[in-house]
Amino acid sequence: MCGIFGYTGHKEAQNLIIQGLKQLEYRGYDSSGLAIQNGTHAICVEKTHGKIKNLEEILKKTPLKGRTAIGHTRWATHGIPSRENAHPHLDNHEQIAVVHNGIIENHFDLKETLESEGVRFRSETDTEVIVHLVAKYYKGNLENAVRRALKDLKGTYAVAVICSSEPGKIVAARMDSPLVVGIGKTENFLASDVSAFLEHTNRVIFLENQEIVSLTDNAVKITDIAGRAVSREPVKINWDPAQAKKGGFEHFMLKEIFEQPSILSAIYKERVNGLKVHFDELKITASKLKSIKRIVIIACGTAYHAGLVGKYIFEEFTKFPVWVDTSSEFRYRDPKVGKDTLVIAISQSGETADTLAGLREAKKKGALTISICNVLGSTIARESQGVIYTHAGPEIAVASTKAYTAQLMILYLMAIYFDQIFKTLSLGQSRVLLKALSHVPALMQEVLDMYKKEEKEWAANAHDFNVRYHEGLERYFSADPAGRKRSPNGFFLYLGRNINYPNALEGALKLKEISYIPAEGYPAGEMKHGPIALIDENPWVICIAPKSKTYDKMFSNIQEIKARNGIIVPIVTRGDTQIHKVKPLYVVEIPEVEEIFSPLVTILPLQLIAYCIAKEFGEDIDQPRNLAKSVTVE
Ligand code: F6R
């Protein structure tokens, strides 16, 4: 939700800001802007509606000179996406500029007071109060003015400020929205996420809540809200900057889908040593873990689906009962968690507001908390008692793919790790499992190789759907001769059973997110309890039916769909001849894999179906409408 980038140093700032914002565009992309100190004690602002390329075009025609600047890419919360509401915002004397990520909850009250003091507001945003407050308190020291202004604010923020009277300086602060400092040589950076400046430096300092940082080209000074100096050593990030680039793929989503086998294989190698699982960064002792009696998993969206798979995994490998909850529901109930509960919070970004709130609630109730996060140093990672990083590298496409399978890999390894501590399975059994898991990345690669070979057929199938979809719409709007409206074709039903049921939800979510086509995921056994009413010759039904103990049941469900003329697209184990009896539209074959690990393989065709359809429909695959990568507002 909004990305911030700041630079101060020996280079011209404009293009660095644009490049940095492009890396952060996944956080929001409805408008963008930058404010630059041009060295003549003035601040120049350029901002515009739409994507960063619009801003880039303007700046190509009228470049802005200067070596200290702050930039912003927006996901609107208060005020429509427009030039006026785009950041940076200026004070009435145009001396101070502010960019902000978060929500100022008391902005109405602050605005009223400021207006009564003669301040003129130019936007509908909550952010604008910040710049007027800083201007109000500015008495020749920007850091003090920001510190004073923060005391008036209620809500969440990562904020960066520049002032024309203090050239070369950026002052920034955070409260519940991420902010990271990048330490360079005679230059320093500031961003919402490390990947934005990774090309320039991998030495970073993560700011904590209520800290203020003052950056110049050769100094980084951190203080707390009371003005006390804070000393913190930079940490080194080992992400490869190339991971944040498309690397020859048409879209980040496709690149990230293709990265999955190598990421999972690297996770396995990192975490498994001599057929023993270890999590070095997990600072929770085995004896502490022995006090737990049950596990609660909280997460949102795709990470929630990973949590649902986690339930099947933990219940199979360990003795614990497991509950899974969407974070936004968990936090507003009165969940019965306590000292005997392990709460696992799963979050790619580590910044999702609802998951963070759920984690805090769990801690308040005395539960032991472990997070599974991808973004290093993220808030959820830092606030949980133990963290396990997925190390999947930066995930840039808004629709999550590689983070999902990396989360699943960690959940498998965690369950086996627990099993090694609690000895639920014999040593031999857990070794067999680990061995089987080690082969899964190669099976995933087989699916991707098959896609590469059959890419044209996949595109043709997506085109076929597109044609039927539009024919269906025409039929719907013109009605048939009897005057009845027929349901349009544009609907997908995803069915799965047992451990593949969460993938049905995830497949449907992927399609909805990037192609805007309605899709529902269901446990196949539930179909008769409602969704079967939707089946006629129109919707496409994606049936996840690999070889498993529930295959026969799944096959019966598929026949029920066939009996109602449904269009069947099954995902089956290679060599399944029976499936052809139901005359599927086309069959996706995957290699044979142990049922328990099959979600890691069945998810790939689901991700690719969503990708191909969104591409056929010409949608903006990496940056779908209305979405943002990390949801830091409730
Ligand atoms: C789906 C997607 C979202 C996220 C959800 C949680 O493709 O990306 O549903 O999974 O917003 O985000 P994290 O994992 O960052 O907490």
Side-chain angles (χ1 to χ4, degrees), residues 1 3 24 26-29 75 176-178 192-195 251-254 256-257 260 297-310 324-331 343-360 371-384 387-390 392-408 410-411 494 502-503 505-516 519 521 603 606-611 614 619-634:
M1 307 269 131
L24 295 171
Y26 70 85
R27 301 180 66 87
Y29 31 84
W75 185 87
D176 282 343
S177 294
S192 304
D193 173 347
V194 173
S195 58
H251 297 98
F252 276 111
M253 181 178 177
L254 192 62
E256 288 162 4
I257 291 173
Q260 293 175 100
I297 301 177
I298 55 169
C300 300
T302 290
Y304 168 69
H305 298 154
L308 289 177
V309 181
V324 190
D325 226 334
T326 46
S327 314
S328 53
E329 290 302 315
F330 174 83
R331 56 174 304 202
V343 173
I344 303 176
I346 308 177
S347 174
Q348 186 285 129
S349 63
E351 301 293 345
T352 300
D354 285 319
T355 305
L356 179 59
L359 178 84
R360 287 177 178 161
S371 61
I372 299 175
C373 294
N374 191 40
V375 176
L376 305 178
S378 52
T379 312
I380 291 172
R382 282 182 293 121
E383 290 201 16
S384 42
V387 56
I388 299 176
Y389 285 113
T390 45
E395 190 177 61
I396 308 292
V398 165
S400 186
T401 53
K402 64 176 181 173
Y404 178 66
T405 46
Q407 286 157 358
L408 294 190
I410 294 293
L411 288 164
Y494 288 72
N503 269 2
L505 301 180
E506 177 59 9
L509 178 64
K510 287 289 88 83
L511 188 79
K512 278 185 270 206
E513 279 182 299
I514 59 170
S515 65
Y516 322 135
I603 191 60
L606 300 174
Q607 294 169 343
L608 288 164
I609 287 171
Y611 175 81
E619 302 300 355
D620 191 345
I621 292 179
D622 285 335
Q623 293 172 348
R625 69 184 184 201
N626 302 340
L627 296 174
K629 185 79 184 156
S630 63
V631 185
T632 52
V633 293
E634 291 169 40

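Note that this is a predicted model, so its numbers are computed, not measured. What's counted below: heavy atoms across the whole structure, side chains too, no hydrogens, waters or symmetry copies. Counting starts at 1 for both ligands and their atoms, in listed order.
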For [X] and [Y], does a side-chain donor sit closer than 3.5 Å to a side-chain acceptor?
X	Y	value
Gln260	Thr405	yes
Tyr29	Asp622	no
Thr302	Ser400	no

Quick check: closest heavy atoms across [X] and [Y], and the distance to 0.1 Å?
X	Y	result
Cys373	Ile380	SG-CG2, 3.9 Å
Tyr389	Ala381	OH-CB, 3.4 Å
Ala614	Ile514	CB-O, 3.4 Å

| request: Check each protein residue for a heavy atom under 4.0 Å from ligand 1 and list those that pass, ordered by chain and number. | output: Cys300, Gly301, Thr302, Ala303, Ser347, Gln348, Ser349, Thr352, Val398, Ala399, Ser400, Leu509, Lys510, Glu513
